[in-house]
*Asks:* 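This structure is in structure tokens; I'll ask about it shortly.
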Number of protein chains: 2
Amino acid sequence: MVVSVLSLHQLTCFLATYEHGSLTAAAEELGYSQPSVSEQIRTLEKSLGVQLFRRVGRGVVPTTVADTLRPHAEQVLAAVDEAQQSVQEVKNFEKGTIRFGMFGIARLYGGSRLIADVLTRYPGVRVELIGQNSTEVFEDLRRGRLEAAMLAVSTVESEGMTVTPVAREELVYISADPDRTASPVTAHRLSTASLVMAETTYRAVDSTRITLRQMLHETGRNPPSRIEVEDIETAVELVGMGFADSVVPKGAAQQLLPRLAPNASWASLRPRVYDTFAVVHRSGAILSPAARLMIELATKRIQAIAEPL
Amino acid sequence: MVVSVLSLHQLTCFLATYEHGSLTAAAEELGYSQPSVSEQIRTLEKSLGVQLFRRVGRGVVPTTVADTLRPHAEQVLAAVDEAQQSVQEVKNFEKGTIRFGMFGIARLYGGSRLIADVLTRYPGVRVELIGQNSTEVFEDLRRGRLEAAMLAVSTVESEGMTVTPVAREELVYISADPDRTASPVTAHRLSTASLVMAETTYRAVDSTRITLRQMLHETGRNPPSRIEVEDIETAVELVGMGFADSVVPKGAAQQLLPRLAPNASWASLRPRVYDTFAVVHRSGAILSPAARLMIELATKRIQAIAEPL
DNA sequence: CACAACCATAGGCGATGCCTTTGGTTCCTG
DNA sequence: CAGGAACCAAAGGCATCGCCTATGGTTGTG
């Protein structure tokens, strides 16, 4: 890219001079002294290699080159104005994009209402709720592509990340067999169950599985998943068909069981086990107003469903 | 007009940084040191009141505000480029307007061929040949609206103007009566003639009349115009009809008599009297290339018809 | 765990921009 | 026609800006 030799200040002085036909008047309008404007014009003429004004005793008269330059100079300054204005509009949430990360099943925790919250307050903005899966969201945070996110985490310890828990959500056992949900499910019973688990692509980092692994650690076994699927709705449907049981967040169970597995029921684990919903961002980051807005709204929505911390 | 707080340099650094995702790489591209670019970005962020990049250990990542700013920044720099380019095009006679002053009857002295000369050499330019009348041209020169002109002058003395004669043109007596053009016309005969004179609106400053006044000064009489008209063609036609005689530049007589007054003929004055064609511009002016071009071409055309000096 | 990549900070230096003062020119007016 | 008013140019001084080098801190990688 060619580094331009002319400056916005020169163009401003040029336009003011053109319109007034006088360096003195231009200087007065711009709040500068007459020699300053004179110098700017001279510098501009020198760098362009052309004469822009004829000095004619009283006042100055634009040359035809100045006639040519004027509309271009106006366009430059107008573009600058637009640039500044558009940034301010983004700053004021009148326009622009607000990008925020959410855990994968945000749809079951008021994700659409969260977006509605934002759009109601700020009708002009675009909203991007990133949350295909927790791993990618975490990676986006780490790489700086995302500023902040609301995630389901199994631990608040994370290298270089600040994790602020805002709510906890019980993990419950669901089954089509009423006997198995008649009483709280112990680690031992869980370790012998036949389970269908969702989020198979990210099973290594899925917070539900990690939490279950911690629970089963004392039994010396891993969670015994018999079926692996991608999304929680499919898992619940399979539970309803009786192929397996599952462990899901309680809010998801309450929403999905009536719709997808009406014959199934749920029970707590013993001891109770919780997923944690937390605001996550890079340590040391100064959060933008947009991020703070999303954190505030998302926290409210989450705490209306899960248990506030 | 609001004086902008941001600079083209900042926008250039911003774009380079945006494209590379790195201050170091941007600095390398722009030929600056890394801290310089870093400072520009920081200043820009501060003046806009927003964060444009998140610093993420290795490299920087644009925020959504930066996404918004980018197209505007590009437009600003593109407009600057266009401005510079258009000025250069005017400088190189590829575009723009060339404005030049000419005496009123330039049409009889190759005016259209002069314009053809310019357009042949520089097909892209606009040409404005200003010359409704000498007074206004002179006023335009004085006020700086015109840079230079080719005028018919009665004297080379003029306050604040540099007058450079390039050719002289004899003033001749024309008449439909062959007797009156059988021999050179003396001042005495001229003072008793019945004349039709053109350029009546500007009769006070018309160079032909001024020249005649000087010639008649010794006789103590003013030029005896019986009829006053605006344009020389009408005057010649009236001469052809026998209503009056006239005094016109020789080139005009040679061109107009056969066409408009075939029965009329011309004779020299005694002593011979001349109009002077001269290049006129403000004293002390540094002439632009465009003006020099017009002066060169107009001089050639005039000298091909009138007598070079 | 050490190295490489990258950004931030600090200090120094030259250039830029602005100001005031002054001089010269043009134009108007008494 | 002479004096004054309006205006631009030039010069000198001062503060700020922009850029550089050197250095330190942090992150990601072999």
*Asks:* Remember a base hit wins even if backbone is also touched, and classify A:Thr24 as base, sugar-phosphate or nothing at under 4.0 Å, heavy atoms.
*Replies:*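 Sugar-phosphate contact only - A:Thr24 comes under 4.0 Å of backbone atoms but never of a base.
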
*Asks:* Taking atom P of C:dC7 as reference, at what distance in whole Å does atom CZ of B:Arg42 sit?
*Replies:*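 After rounding, the gap between these two atoms is 12 Å.
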
*Asks:* On DNA chain D, does the nearest nucleotide to A:Arg282 precede the nearest nucleotide to B:Thr43 from the 5' side, or the other way round? Give the residue.
*Replies:*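 So the residue in question is B:Thr43.
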
*Asks:* Counting side-chain heavy atoms from CB outward, which of C:dT20, D:dC20, C:dC7 is closest to B:Leu23?
*Replies:*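 Out of C:dT20, D:dC20, C:dC7, the nucleotide with an atom closest to B:Leu23's side chain is C:dC7.
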
*Asks:* Do A:His9 and A:Tyr32 have their ring centres less than 6.0 Å from each other?
*Replies:*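 Here the rings of A:Tyr32 and A:His9 have centres that are less than 6.0 Å from each other.
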
*Asks:* Quick one: label A:Gly31 by what it contacts on the DNA or RNA (base, sugar-phosphate, nothing), any heavy atom closer than 4.0 Å.
*Replies:*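 Answer is sugar-phosphate: A:Gly31 comes under 4.0 Å of backbone atoms only.
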
*Asks:* May I ask you to verify if any side-chain N or O of B:Ser36 is less than 4.0 angstrom from the OP1 or OP2 atom of D:dC20?
*Replies:*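 B:Ser36 to D:dC20 OP1/OP2: side-chain N or O found under 4.0 Å.
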
*Asks:* Between B:Arg55 and B:Glu45, does at least one N-O distance fall below 4.0 Å, as a salt bridge requires?
*Replies:*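 A salt bridge is present here (some side-chain N lies under 4.0 Å from a carboxylate O).
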
*Asks:* Could you tell me whether A:Ser22 contacts a base, only the sugar-phosphate backbone, or nothing, with contacts defined as non-hydrogen atoms closer than 4.0 Å?
*Replies:*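 A:Ser22: backbone/sugar contact only, no base atoms under 4.0 Å.
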
*Asks:* Just to confirm, is there a sub-4.0 Å distance from OP1 or OP2 of C:dC18 to any side-chain nitrogen or oxygen of A:Gln40?
*Replies:*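 Checking C:dC18 against A:Gln40, a side-chain N or O does come within under 4.0 Å of OP1 or OP2.
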
*Asks:* Scan A:Ser38 against the nucleic acid and name what it touches under 4.0 Å (heavy atoms): base, sugar-phosphate only, or nothing.
*Replies:*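 Here A:Ser38 touches the backbone only, sparing every base.
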
*Asks:* Can you tell which of B:Arg145, B:Arg99, B:Arg282 makes a salt bridge (charged side-chain N to carboxylate O under 4.0 Å, His left out) with B:Asp140?
*Replies:*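 Of the listed residues B:Arg145, B:Arg99, B:Arg282, the salt bridge (charged side-chain N to carboxylate O under 4.0 Å, His left out) partner of B:Asp140 is B:Arg145.
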
*Asks:* If you assign B:Arg55 and A:Ser33 each to the DNA chain C nucleotide with the nearest heavy atom, which residue ends up on the more 5' nucleotide?
*Replies:*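 Looking at the nearest nucleotide for each, B:Arg55 comes out on the 5' side.
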
*Asks:* Counting only side-chain nitrogens and oxygens, does B:His9 get under 4.0 Å of the OP1 or OP2 atom of D:dC19?
*Replies:*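 For D:dC19, OP1/OP2 do have a side-chain N/O of B:His9 under 4.0 Å.
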
*Asks:* Mapping A:Val56 and A:Gln10 onto DNA chain C by nearest heavy atom, which one lands closer to the 5' end?
*Replies:*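 Nearest-nucleotide comparison on DNA chain C picks A:Gln10.
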
*Asks:* In Å and rounded to the nearest 0.5 Å, what is the CG to CD distance from A:Leu69 to A:Glu74?
*Replies:*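 So the CG of A:Leu69 and the CD of A:Glu74 are separated by 9.5 Å.
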
*Asks:* Is a donor-acceptor contact shorter than 3.5 angstrom present between the side chain of B:Gln34 and the base of C:dA8?
*Replies:*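 Yes.
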
*Asks:* Just call it for A:Glu39: base, sugar-phosphate, or nothing, with non-hydrogen atoms closer than 4.0 Å on any strand.
*Replies:*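 Here A:Glu39 touches the bases of the nucleic acid.
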
